[in-house]
Amino acid sequence: KTYESFNKAGSQASIEITFYYKGFSFSTQPTYRNSRFVYSNQYEWINSESPSESLVLQYNQEQKLDYADFPLIVKYDVLRSKFRPYIQAGIFYSMLINANKSVKVSGTDYASGGTNQFANQEIIVGAKDLFDNYWGIMAGIGADYNLGNVRVILDASYWKGMSNITHVGNRFGNDRLSGIGDAQDDLDLNNIVISAGVLFPMRYLSSD
C-alpha cells in the first residue's frame with residue numbers, strides 16, 4: 001500500500017473553556033472532528049504462457065472518520081501585551097463517532113485482444129467497526145489578540161496519535177472489503193490542526 005500523507009483536508013468545531021493565571025492558560029476543548037486519509041495499491045496478473053496477456057488493477061481507498069476529541073491543554077504566553085504569542089502542549093482522547101470507506105477500482109486489460117481501460121463503480125461502505133478510539137499528544141504555537149471585550153485566537157498544532165486506531169478484532173470483518181483483498185493496517189492517526197476562534201471572558205458577563 002502507498003499512503004498519501006497530509007493531502008486531505010478535514011474539519012472541526014470546538015468549544016474552549018480556559019482558566020488563565022499569570023501567563024498560563026489551562027484549557028479543555030471538546031471537539032467534533034472529521035479526518036480523511038487515503039492510500040492505494042495495485043495488483044497485476046500475468047499469463048505465464050503468454051506474458052503479453054495481463055491485467056492491472058488499481059485500488060484507491062479513502063477513509064472518512066468522525067471523532068469526538070477531549071483534550072487537556074496548557075498554554076504559556078510568551079508576551080504579556082495586547083498581542084500575545086503563546087506555546088501550547090497537551091494530551092487528548094478521541095472517541096469514534098462514525099467512519100466510512102470508499103474504494104475506486106480501475107485498471108487496464110491487456111488480455112482481451114487489445115489495451116482496454118476501465119473503471120468500476122465506486123464501493124462505499126460503513127466502516128465504523130473497522131476503527132477504534134485512541135489517545136495522543138499535541139503541541140503547537142499560536143497568538144491571541146484582545147479585541148474589545150473578547151479575545152481572538154489563531155493557532156497551529158500537531159496532534160500525534162499514540163495508539164492504534166484499527167479495531168484489530170474486526171480487521172477482516174467486512175465481507176465487501178475482504179472480497180476485493182483489502183484489510184486495514186495498524187495505523188496511528190496524525191493531524192496538522194489550524195484553528196481560529198473567539199473567547200468571551202466570563203468576567204465581562206457578571207455584575208463585577
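Residue numbers run from 1 in the order of the sequence given. These numbers were taken from a predicted model, which means no experiment stands behind them.
- Clustering of Ile, Leu, Val, Met, Phe, Trp and Tyr side chains at separations under 4.5 Å places Y158 together with F6, I192.
- Contact detail for S102 and I124: the closest heavy-atom pair is CB-CG1, 4.0 Å.
- You'll find the side chain of T2 stays beyond 4.5 Å of the side chain of Y39, heavy atoms only.
- Salt bridge E62/K101: absent, no basic N to carboxylate O contact under 4.0 Å.
- Under the side chain to side chain contact (heavy atoms under 4.5 Å, CB included) criterion, D132 pairs with H167, sequence neighbours left out.
- A donor-acceptor pair is defined here as one N or O able to donate and one able to accept, closer than 3.5 Å; no such pair exists between the side chain of Q58 and the backbone of Q42.
- Within the hydrophobic cluster formed by Ile, Leu, Val, Met, Phe, Trp and Tyr side chains joined at under 4.5 Å, directly or through other members, I153 is accompanied by Y86, L199.
- To the nearest 0.5 angstrom, S81 atom OG is 8.5 Å from N146 atom CG.
- Legend: residues meeting side-chain hydrogen bond (donor to acceptor under 3.5 Å, both in side chains) with Y3, ordered by chain and number and at least two apart, are D185.
- Residue D69 holds its CG atom at 7.5 Å from OG of S14, rounded to the nearest 0.5 Å.
- Other members of a hydrophobic cluster containing V38 are absent, since no ILVMFWY side chain comes under 4.5 Å of it, directly or through relayed contacts.
- Between M138 and S157, the shortest heavy-atom distance links the atoms CE-CB, 3.6 Å.
- Between G136 and M162, the closest heavy-atom pair is CA-CG, 3.7 Å.
- Here the side chains of T108 and N116 are not in contact, with every heavy-atom distance at 4.5 Å or above.
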Report task. Kindly determine whether F37 and L189 satisfy side-chain contact (heavy atoms from CB on, under 4.5 Å), including the steps that lead there. Result -> CA-CA 9 Å; F37 68 92; L189 187 60; 4.1 Å; yes
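- Here the side chains of E122 and V103 are not in contact, with every heavy-atom distance at 4.5 Å or above.
- Criterion: ILVMFWY side-chain heavy atoms under 4.5 Å apart, direct or through other members. Under it, Y93 and I91 are part of a common hydrophobic cluster.
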Query raised in the report: Are Q29 and I15 close enough, and set up right, to give a side-chain contact (heavy atoms from CB on, under 4.5 Å), and what steps lead you there?
Result: CA-CA 5 Å; Q29 300 175 14; I15 296 176; over 6 Å; no
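- Take Y134 and apply the ring pair (Phe, Tyr, Trp, His ring centres under 6.0 Å) test, not counting sequence neighbours, and it matches Y67, F92.
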**Report entry** Criterion side-chain contact (heavy atoms from CB on, under 4.5 Å) on Q121 and I123, from CA distance to verdict
**Finding:** CA-CA 6 Å; Q121 185 176 359; I123 300 172; over 6 Å; no
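- Figure legend: cation-pi geometry between R151 and Y20, with NZ or CZ positioned under 6.0 Å from the six-membered ring centre and within 45° of its axis.
- F24 belongs to a hydrophobic cluster whose other members, connected by ILVMFWY side-chain contacts under 4.5 Å either directly or through intermediates, are F19, Y21, F26, V74, Y76, I87, I141.
- Residues passing the side chain to side chain contact (heavy atoms under 4.5 Å, CB included) test with N120 are V105, F118, sequence neighbours excluded.
- Judged purely by distance below 3.5 Å, without hydrogens or angles, the side chains of Q12 and N34 never pair a donor atom with an acceptor atom.
- S163 places a side-chain N or O within donor-acceptor distance of the main-chain N or O of W135, the cut-off being under 3.5 Å.
- Residues V193 and S195 share a closest heavy-atom pair of CG1-OG, 3.6 Å.
- For the side-chain hydrogen bond (donor to acceptor under 3.5 Å, both in side chains) test, residues two or more places apart in sequence or in another chain that qualify with S35 are R33, N191.
- Of the N and O atoms on the side chains of D186 and N164, at least one donor lies less than 3.5 Å from an acceptor on the other residue.
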Requested in this report: Please step through side-chain contact (heavy atoms from CB on, under 4.5 Å) for the pair K128 and L96, ending with a clear verdict.
Outcome: CA-CA 8 Å; K128 184 177 180 180; L96 180 67; 3.8 Å; yes
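- Legend: residues meeting side chain to side chain contact (heavy atoms under 4.5 Å, CB included) with A183, ordered by chain and number and at least two apart, are R171, F172.
- Inter-residue side-chain proximity for Q61 and D182 is flagged as met; some heavy-atom pair is nearer than 4.5 Å.
- With sequence neighbours left out, the side-chain hydrogen bond (donor to acceptor under 3.5 Å, both in side chains) criterion links N7 to E4.
- Side-chain contact between T28 and F70: absent, with no pair of heavy atoms (C-beta onward) separated by less than 4.5 Å.
- Of all the heavy atoms in S54 and P51, the pair that sits closest is CB-O, 4.5 Å.
- Evaluated for a side chain to side chain contact (heavy atoms under 4.5 Å, CB included) with L65, the options I97, N100, I165 yield exactly one hit, I165.
- Follow the hydrophobic side-chain contacts under 4.5 Å out from Y43 and you never reach V56; the two are in separate clusters.
- Atom OG of S27 sits about 3.5 Å away from atom CD of E16, to the nearest 0.5 Å.
- For the pair W159 and N190, the minimum side-chain heavy-atom distance is 4.5 Å or more.
- From L177, atom CG reaches atom CD of Q184 across 8.5 Å, with rounding to the nearest 0.5 Å.
- For the residue pair P30 and P71, the shortest heavy atom distance occurs at N-CD, 4.3 Å.
- From L130, atom CG reaches atom OG1 of T166 across 8.0 Å, with rounding to the nearest 0.5 Å.
- For the salt bridge (Lys or Arg N to Asp or Glu O under 4.0 Å) condition, the pairs that include at least one residue of residues 82-94, sequence neighbours left out, are D77-R84.
- We find the CD-CG distance between Q117 and D109 to be 10.5 Å, quoted to the nearest 0.5 Å.
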